[in-house]
Protein chains: 2
Amino acid sequence: MNITASDLRHCSIAATLSLIGEKWTILILRDVLQGVTRFDDFLRRLECSPAVLSARLKTLTEAGLLRKVGYREPGERERFEYRPTRATVELLPVLIGLMQWGDCHMAPDGEGPVQVRSRASGKLVRAALVDEGGALVSPRDMQMIPMRRPEQESEDA
Amino acid sequence: MNITASDLRHCSIAATLSLIGEKWTILILRDVLQGVTRFDDFLRRLECSPAVLSARLKTLTEAGLLRKVGYREPGERERFEYRPTRATVELLPVLIGLMQWGDCHMAPDGEGPVQVRSRASGKLVRAALVDEGGALVSPRDMQMIPMRRPEQESEDA
DNA sequence: CAGTATCCTGAACGATACTG
DNA sequence: CAGTATCGTTCAGGATACTG
């Protein structure tokens, strides 16, 4: 993406997307949430170049979206695996939302190749909007309210 | 993004992101959801080149994420404005999710420049995961279940 | 005002070879 | 196995000029 610094400061949507919107990144996150941890496994599943994969893993690690954990196979040198973090898990509503929107609006038959369910209840799960009390809110009922912050006001003088 | 056809077929996350992950696209959607409709207004707010804006509006319109509506100022030729569609509104959980993740994890002070509230209740709103009954589900409780479809099975023979 | 056309540049990516 | 290094290409996007 490479959005300007000004955009990033003013819009968290753009900021987040500039991080996870790069090619392959979201697929890495998808895989790591499904239990993939090792370089070579990512490489085979994603079929991207090792250089790109390496770069993405680094960016994601620096951003706190992956955690690098050392391990050592008997007789081998230390290697690293990549694990999801709290921040990765907190991104799940976005991932699920992207997936389900795509299933509805881009898949020819309106359904995708992956189901999401609760482990506990087995029920299907979807991304939605809720209020502070946990009650569902319709997307049509949203309002976005820009909060003018004091620091930058001089700009529009 | 430009993910391969195979990726798109297999992953709605990648498919959706290849559409809305292009530079400027998400900002157009953000603005149109806030009531911006005209070419020049987008141009001024986004500060991108008219060629890129034109391309994005076209892509979004073709994807059903914008609706082109004709209007005519007195004495002028017909022009068009761009309105959100049902599909745009259905993308709101994703947008809000992206925004709130960015606010939490990328903003220096952990809060962003925009609040989201319900018009009806005035309560703060966030993106979350819910089950079929509308009950909140923890991201940690998710499982993603690949559905092997018959058509393509030959591939891994 | 609402775009289209053109030119140009950077950098992102793919392919491939190499290293510990 | 887990990466790093290098090279070449492509292409998206910025700047700008032009049109109805």
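Here is the naming used below: chain letters follow the sequence lines, and residue numbers restart at 1 for every chain. These figures come from a predicted structure and were not determined experimentally.
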Please state how far atom [atom1] in [X] lies from atom [atom2] in [N], giving the value in whole angstrom units.
X: A/Tyr71; N: D/dG3; atom1: OH; atom2: C1'; result: 11 Å
X: A/Glu47; N: C/dT16; atom1: CD; atom2: C1'; result: 16 Å
X: A/Arg45; N: D/dA2; atom1: CZ; atom2: C1'; result: 18 Å
X: B/Ile28; N: D/dG13; atom1: CD1; atom2: P; result: 11 Å
X: B/Glu22; N: D/dG14; atom1: CD; atom2: P; result: 12 Å
X: A/Leu53; N: C/dA15; atom1: CG; atom2: C1'; result: 15 Å
X: B/Leu43; N: D/dA15; atom1: CG; atom2: C1'; result: 12 Å
X: A/Leu57; N: D/dG3; atom1: CG; atom2: P; result: 7 Å

Map B/Ser54 and B/Arg44 onto DNA chain C by nearest heavy atom, then report which one ends up closer to the 5' terminus. B/Arg44
With DNA chain C as reference, determine whether A/Cys48 or A/Arg77 sits nearer its 5' end, using the nearest nucleotide of each. A/Cys48
If you check the [X] side chain, which of [options] turns out closest?
X: A/Phe39; options: D/dG3, C/dG3, D/dC1; answer: D/dG3
X: B/Asp40; options: D/dC1, C/dC1, C/dT4; answer: C/dC1
X: A/Ser49; options: D/dC1, C/dG3, C/dA15; answer: C/dA15
X: A/Arg56; options: C/dA12, C/dG3, D/dG13; answer: C/dA12
X: A/Val52; options: C/dG14, C/dT16, C/dA2; answer: C/dG14

Heavy atoms only, 4.0 Å cut-off, all strands: where does [X] land among base, sugar-phosphate and nothing?
X: B/Ala51; result: base
X: B/Arg38; result: sugar-phosphate
X: B/Phe42; result: nothing

Does NZ or CZ of B/Arg67 lie under 6.0 Å from the centre of the six-membered ring of B/Phe80, at an angle within 45° of the ring axis?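 No; the conditions do not both hold, so B/Arg67 does not lie above the ring face of B/Phe80.
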A/Arg119, CZ atom: more than 12 neighbouring heavy atoms under 6.0 Å: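 Above 12, so yes.
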Of the non-hydrogen atoms in B/Pro139 and A/Leu92, which two are nearest, and what is the gap between them?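 Answer, listing the atom of B/Pro139 first, then A/Leu92: O-CD1, 3.3 Å.
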Electrostatic pair B/Arg45-B/Asp41, nearest N-O below 4.0 angstrom: no
Does B/Arg79 come within less than 4.0 Å of B/Glu81, counting only side-chain N to carboxylate O? no
Base paired to D/dA15 (Watson-Crick or G-U; both N/O distances under 3.5 angstrom): C/dT6
Verify the contact: side-chain N or O of [X] to OP1 or OP2 of [N], cut-off strictly under 4.0 Å; return yes or no.
X: B/Trp24; N: D/dA12; value: no
X: B/Tyr82; N: C/dG3; value: yes
X: A/Lys23; N: C/dG14; value: yes

Measuring only between side-chain heavy atoms, which start at C-beta, is A/Val125 closer than 4.5 Å to A/Arg117?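 Result no, sub-4.5 Å side-chain heavy-atom pair not found.
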